[in-house]
*Asks:* 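Submitted below is the structure of interest, expressed as structure tokens.
Labels below follow one simple rule: chain letters A, B, ... track the order of the sequence lines, proteins then strands, and each chain is numbered from 1.
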Amino acid sequence: MLAVRVWNFLKGYVVIKVEGINLERFINLAITNNIYFWDIERINYTALKARVGLKGYKQLRRIRKRINCRVSILEKRGCPFLLHRVLKRKTLVAGGITAVIIMYILTSFIWVVEVQGNERVPADRILRELESYGLKPGVFKPLVDTREVETKLLIEMDQLVWVGINILGTRAVVEIVERTEPPPVIDKSEPCNIVAKKDGIISNIYVYQGKAAVKSGDTVKAGQVLIGGIVEEPGRPTRVVHAMGRVEARTWYQLTEEQDLRLETRERTGRVHKNASLKVGSYTVNLGRRDCEFENFDIQTDTNRLVDWRNITLPVELIIEKYFEVSVEERFIPVEEAVELAVEKTRQTLSAMLPQEVEITDTKVKYNETEDDRIRVEVIFETLEDIGMEERIDINNRED
Amino acid sequence: METKSEIIKKGIADLLELPRDIVLDLPKITLVGNLQLYIENHKGIIEYSTGLIRINTKSGILVVTGSDLSIRTIVIEEIIVVGRIDKVEFLQ
């Protein structure tokens, strides 16, 4: 009934008063002429009130001639009349149209420029560069060629590897990826020392140029000079050189890992329960009738958009959830197996931390069981790596 | 009163279990509590006031009495009467 009412409102209708004798005949004649009446109310013996659509009202004229009765309009309701009334107020209409036009014009400008993804390069600098290519707040959108600005910015700024500009509404989002710069290489002509990157015990030291400051077997601390660039030999003038060499040292890494002794294996039994729900905006309507009755299950959620054409998306989503029943089996693993698992995990973490050429020479494992079926494993890796790092010698500030 | 063709129609309707309201052109009347009366297949309205409505049908004149009666909808096939309905009867 609501749909009918809304329809009638949209089409527009009039409330009429019919006066005369033998109004029943009037009604019968009207319906045989396919005029649709509704909400007929008797006022008194000679009058009744009814509602009739606009088209029906025009057709009533013919009947009125045949029956001696008077039809008068009490009220005009519905969209056509409302529209007519609103349209009469010309300034209001003009105001509304102007507002829409202004809104449209304002949305075709860029008002905010955002920089995302920068860590070392200051956003101000990027914004300044962008401004010089025409991308700045207040610029007319069609005038900005994002591809061109991207290319120009990439060429201009060496620190960037990738630039992506997306215009979202009145916002221009500039995503950048910075170049990860290689460690500064000191020019061969400049004097430098080789110092230790980290603590360790020297196992091999090969000096190509300069003077070894440590020998194999020495314990060194981070920052300590390994190969000196200042070569002082008795009877000769002191030389300052660019030290070169390779210093291999044994280093240690300690990692701890906890491991459950209880392992869960999940296996799908093949039984599936499906549940569909409709999401409109932030409201979710559940279309399924019964709840999932599985004790253990994995959920897989598929979201289907109603329309996915260009960038237009309606806020209506059909969500289908699939519940896969799983049988969960618990088993206890022996401590040795658990330790092995933990060591493997720490090995993976370590290899993610270290450069590839580092060699693991020894592994020491300690573990203790904690109360709740877990073990705590402590692994010490001994590795062999090059710990040398060039460090510039500032000749002018040197004391001696 | 019944013509020969009507007797035959009735027999066919019984035989084939067809709904009688369609075959015999009879009114179908649905009453919702005492609030709403729904009449399909009527033959026009005879009298209408807030206390009494008389409607012509194939089975005779349907008399509805009550108070605050109004006609919600009226088209060639059906009438919906709302209000407080006290009595629905057929007059031959």
Side-chain angles (χ1 to χ4, degrees), chain A residues 1-9 11 13-57 59-60 62-64 66-71 74-75 77-78, chain B residues 21-22 25-92:
Chain A
M1 277 317 269
L2 181 75
V4 175
R5 264 194 216 174
V6 170
W7 176 245
N8 284 333
F9 183 81
K11 293 263 291 187
Y13 61 88
V14 285
V15 181
I16 53 166
K17 189 180 175 190
V18 188
E19 285 168 291
I21 308 162
N22 203 357
L23 292 174
E24 287 80 10
R25 211 177 139 226
F26 171 80
I27 295 173
N28 285 333
L29 258 173
I31 62 173
T32 47
N33 280 305
N34 269 330
I35 300 170
Y36 178 60
F37 274 119
W38 69 97
D39 286 355
I40 303 169
E41 276 172 65
R42 192 93 201 198
I43 302 169
N44 52 45
Y45 187 67
T46 57
L48 60 79
K49 215 164 88 175
R51 293 171 190 205
V52 65
L54 295 183
K55 220 171 119 193
Y57 180 72
Q59 289 172 338
L60 275 184
R62 278 191 306 184
I63 300 166
R64 218 159 45 183
R66 285 169 60 182
I67 301 170
N68 201 10
C69 66
R70 214 166 67 206
V71 178
L74 295 180
E75 254 179 280
R77 289 191 193 169
Chain B
D21 56 328
I22 294 169
D25 200 23
L26 295 178
K28 187 175 176 186
I29 300 165
T30 314
L31 192 59
V32 182
N34 63 347
L35 300 174
Q36 197 181 66
L37 184 74
Y38 186 89
I39 304 144
E40 278 175 79
N41 215 353
H42 68 91
K43 299 276 174 245
I45 190 158
I46 299 167
E47 189 189 342
Y48 168 45
S49 69
T50 49
L52 175 85
I53 297 179
R54 287 199 292 155
I55 296 158
N56 197 10
T57 69
K58 191 78 190 295
S59 320
I61 295 165
L62 185 74
V63 181
V64 184
T65 46
S67 50
D68 298 330
L69 296 179
S70 70
I71 298 170
R72 166 74 61 81
T73 307
I74 181 162
V75 286
I76 197 124
E77 285 283 280
E78 63 180 56
I79 299 180
I80 299 173
V81 174
V82 293
R84 218 179 62 106
I85 295 157
D86 294 335
K87 202 160 80 182
V88 180
E89 66 179 320
F90 278 111
L91 290 182
Q92 290 298 335

*Asks:* Where on L23(A) is there a heavy atom nearer than 4.5 Å to chain B: the side chain, the backbone, both, or neither?
*Replies:*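 Contact with chain B is absent: no heavy atom of L23(A) under 4.5 Å.
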*Asks:* Under 4.5 Å from any heavy atom of chain A, what part of I74(B) do you find: side chain, backbone, both or neither?
*Replies:*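 Contact with chain A: backbone and side chain both.
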*Asks:* Only pairs of heavy atoms separated by less than 4.5 Å count here; which of L48(A), I43(A), N33(A), T32(A) has the most with chain B?
*Replies:*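 Max contact count across the listed options: T32(A).
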*Asks:* Which of the residues V82(B), V75(B), I45(B), T73(B) is involved in the greatest number of heavy-atom pairs with chain A at under 4.5 angstrom?
*Replies:*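 Top option by heavy-atom pairs under 4.5 Å: I45(B).
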*Asks:* Please identify each residue that fulfils ring pair (Phe, Tyr, Trp, His ring centres under 6.0 Å) with Y36(A), with sequence neighbours left out.
*Replies:*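 Ring pair (Phe, Tyr, Trp, His ring centres under 6.0 Å) check on Y36(A) returns W38(A).
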*Asks:* Salt bridge check, R5(A) against D39(A): does any charged N sit closer than 4.0 Å to a carboxylate O?
*Replies:*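 The answer is no: the pair does not qualify as a salt bridge.
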*Asks:* For a salt bridge (charged side-chain N to carboxylate O under 4.0 Å, His left out) check, start with the C-alpha distance between R42(A) and E24(A), then their side-chain angles and the critical distance, and finish with the verdict.
*Replies:* CA-CA 11 Å; R42(A) 192 93 201 198; E24(A) 287 80 10; 3.0 Å; yes
*Asks:* Using 4.0 Å as the upper bound for N to carboxylate O, is an ion pair formed by K28(B) and E78(B)?
*Replies:*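 No.
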